[in-house]
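These notes concern the structure reproduced below.
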Amino acid sequence: MKLTPRKVQIREVGPRDGLQNEATFLATEHKIAWINQLSQTGLSYIEATSFVHPAWIPALADADQVMSGIDRVPGVAYAALVPNIRGLQRALAANVDEVAIFLSASESHSQKNINKSIEETLEVLEETATAALAAGKTVRGYVSTVFGCPYEGEVKLDAVLHVTEKLFEMGVREVSLGDTIGIAHPRQVAEVLDEMLKRYPAERLALHFHDTRGLAMANTLLALEMGISTFDSALGGLGGCPYAPGASGNLATDDLLFMLDRLGMETGIDQEKLRASARFLEEKWGRKLMSHQMQIC
Ligand code: HMG
Ligand code: MG
């Protein structure tokens, strides 16, 4: 077991993945205030919004105002999802720190999510990554449907390896492997990571678990044991993808933090401050967050 205490990086994706699927529009001023609170918790990375087409993700139609409106805290990287050059132009105008490009490992999800085949998307992303790097930004890559597709079911590992390699060739700093519909189980995570770790160092890989079937934490533990130290999560267990039926909340940052703390892993995040920022969101939004931690009084 490689569970010796070490530094673990949490990529907070709540303001993006957490909000993108929500029917109730969280007011721009509340988004900004919430991100400002998250910035004070010790998190070093916040995916603040998404510069996709506003008609495709209405919940984040205010990406430009949000990214321009937040207070920048030194030591915190503010990232955003960017699908193409138009999105990059908007992200650069709003002074994004890191550009997160994304694609699916399965054709049908690719078509539904971004209206393009995988090969067409690779061309768009290559152009986008090149321009982002030329503008002095770092680039992160996401692969979706790594562990299963809502339209096709099983996804071949070769397809995942193919797009992962393409992302690294484009110069991405890190690839996040997405369990978009929360269908992965620990043995499958081990199989995928076995192959990935033959090709890439653990430091360049992240895991992005959704908790649809309650296995996100078990999968995280397995990945930690295999040497992965970077995880995407969303405060309160928010999250989902409107173009992946059945996708529900991300692994909850507050639940993840509880486990990591107990394992003696170092995150630099203050649990009480994180909880306060979750309460703030609950109050502004008028709804309860679903994480285990937020059910404890
Ligand atoms: P399209 O309709 O094919 O776009 O959508 P297009 O390139 O044909 O352009 C059509 C019009 O849209 C043009 O305007 C463009 O300028 C404009 P016109 O010339 O007609 O006036 N346009 C834009 N406007 C603003 N911002 C832009 C933009 N791009 C084009 N960025 C597109 C293609 C990719 C834009 C669309 O399909 C889209 O935005 N999809 C995003 C869907 C999405 O956000 N899904 C969820 C995120 S992925 C996810 O959640 C998974 C993840 O969490 C990991 C995991 O869980 O596995 C990351
Ligand atoms: Mg996701």
Side-chain angles (χ1 to χ4, degrees), residues 11-22 47 49-65 67 79-94 96 98-106 109-118 120-125 127-128 131-132 139-151 155 159-160 163-164 167 172 174-184 189 192 206-212 216 219 231-234 237-253:
R11 312 280 186 231
E12 172 60 47
V13 297
R16 192 280 301 172
D17 204 337
L19 299 184
Q20 72 181 10
N21 199 26
E22 291 297 328
E47 199 173 79
T49 189
S50 175
F51 291 94
V52 295
H53 196 297
W56 283 65
I57 302 285
L60 302 180
D62 56 359
D64 312 74
Q65 297 96 301
M67 189 53 95
L81 222 60
V82 169
N84 53 19
I85 287 285
R86 177 76 195 101
L88 179 66
Q89 288 163 346
R90 294 172 55 208
L92 293 178
V96 74
E98 176 156 278
V99 170
I101 57 175
F102 60 103
L103 85 168
S104 301
S106 56
H109 183 253
S110 183
Q111 289 289 356
K112 299 265 189 205
N113 199 38
I114 46 175
N115 209 18
K116 285 192 173 49
S117 70
I118 293 172
E120 286 167 339
T121 306
L122 286 170
E123 271 179 44
V124 172
L125 295 188
E127 187 190 16
T128 308
V139 182
R140 182 176 206 239
Y142 274 109
V143 181
S144 292
T145 66
V146 168
F147 301 93
C149 170
Y151 306 102
V155 175
V160 177
V163 293
T164 302
L167 286 173
V172 306
E174 170 178 298
V175 168
S176 177
L177 302 169
D179 182 18
T180 316
I181 53 168
I183 200 163
V189 174
V192 170
L207 281 161
H208 177 109
F209 291 120
H210 284 260
D211 200 29
T212 318
N219 291 331
F231 296 92
D232 301 352
S233 59
L238 288 163
C241 172
Y243 301 101
S248 68
N250 285 78
L251 170 65
T253 308

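Read the numbers this way: they start at 1 and go in the same order the structure lists the ligands and their atoms. Along the sequence shown, residues are numbered consecutively beginning with 1. All heavy atoms count here, side chains included; hydrogens, waters and symmetry mates do not.
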Can you tell me if His210 uses its side chain to pair, donor with acceptor, with the backbone of Ser248 under 3.5 Å? yes

Under 4.5 Å between any side-chain heavy atoms of Val160 and Val155, yes or no? yes

Identify all pairs of nitrogen or oxygen atoms, one from ligand 1 and one from the protein, separated by less than 3.5 Å, and list them with distances.
| unit_1 | atom_1 | unit_2 | atom_2 | d |
| --- | --- | --- | --- | --- |
| ligand 1 | 3 (O) | Asn115 | ND2 | 2.9 |
| ligand 1 | 12 (O) | His53 | NE2 | 3.3 |
| ligand 1 | 26 (N) | Arg90 | NH1 | 2.9 |
| ligand 1 | 29 (N) | Asn84 | ND2 | 2.8 |
| ligand 1 | 31 (N) | Phe51 | O | 2.9 |
| ligand 1 | 31 (N) | Asn84 | OD1 | 3.1 |
| ligand 1 | 31 (N) | Gly87 | N | 3.4 |
| ligand 1 | 39 (O) | His53 | N | 2.8 |
| ligand 1 | 40 (N) | Asn113 | O | 3.1 |
| ligand 1 | 45 (N) | Asn113 | OD1 | 2.8 |
| ligand 1 | 50 (O) | Arg16 | NH1 | 3.2 |
| ligand 1 | 50 (O) | Gln20 | NE2 | 2.8 |
| ligand 1 | 53 (O) | Arg16 | NH1 | 3.3 |
| ligand 1 | 53 (O) | Arg16 | NH2 | 2.9 |
| ligand 1 | 53 (O) | Asp17 | OD2 | 2.9 |
| ligand 1 | 53 (O) | His208 | NE2 | 3.3 |
| ligand 1 | 56 (O) | His208 | NE2 | 3.0 |
| ligand 1 | 56 (O) | His210 | NE2 | 3.1 |
| ligand 1 | 57 (O) | Ser144 | OG | 3.2 |
| ligand 1 | 57 (O) | Thr180 | OG1 | 2.6 |

Are any of the side-chain heavy atoms of Tyr151 and Gln111 separated by less than 4.5 Å? no

Closest heavy-atom pair and its distance - Ile114, Trp56: N-CZ3, 4.3 Å

For Ser144, side chain to side chain contact (heavy atoms under 4.5 Å, CB included) partners two or more places apart: Ser104, His109, Thr180

Which protein N, O or S atoms lie under 2.8 Å from the Mg ion (ligand 2)? Asp17 OD2, His208 NE2, His210 NE2

Are any of the side-chain heavy atoms of Pro242 and Ile57 separated by less than 4.5 Å? yes

Is the shortest side-chain N to carboxylate O distance from Asp232 to Arg16 below 4.0 Å? no

Who passes side chain to side chain contact (heavy atoms under 4.5 Å, CB included) against Gln65, sequence neighbours left out? Thr28, Asp62

Is the number of heavy atoms from other residues, nucleotides or ligands within 6.0 Å of CD (Glu120) greater than 12? yes

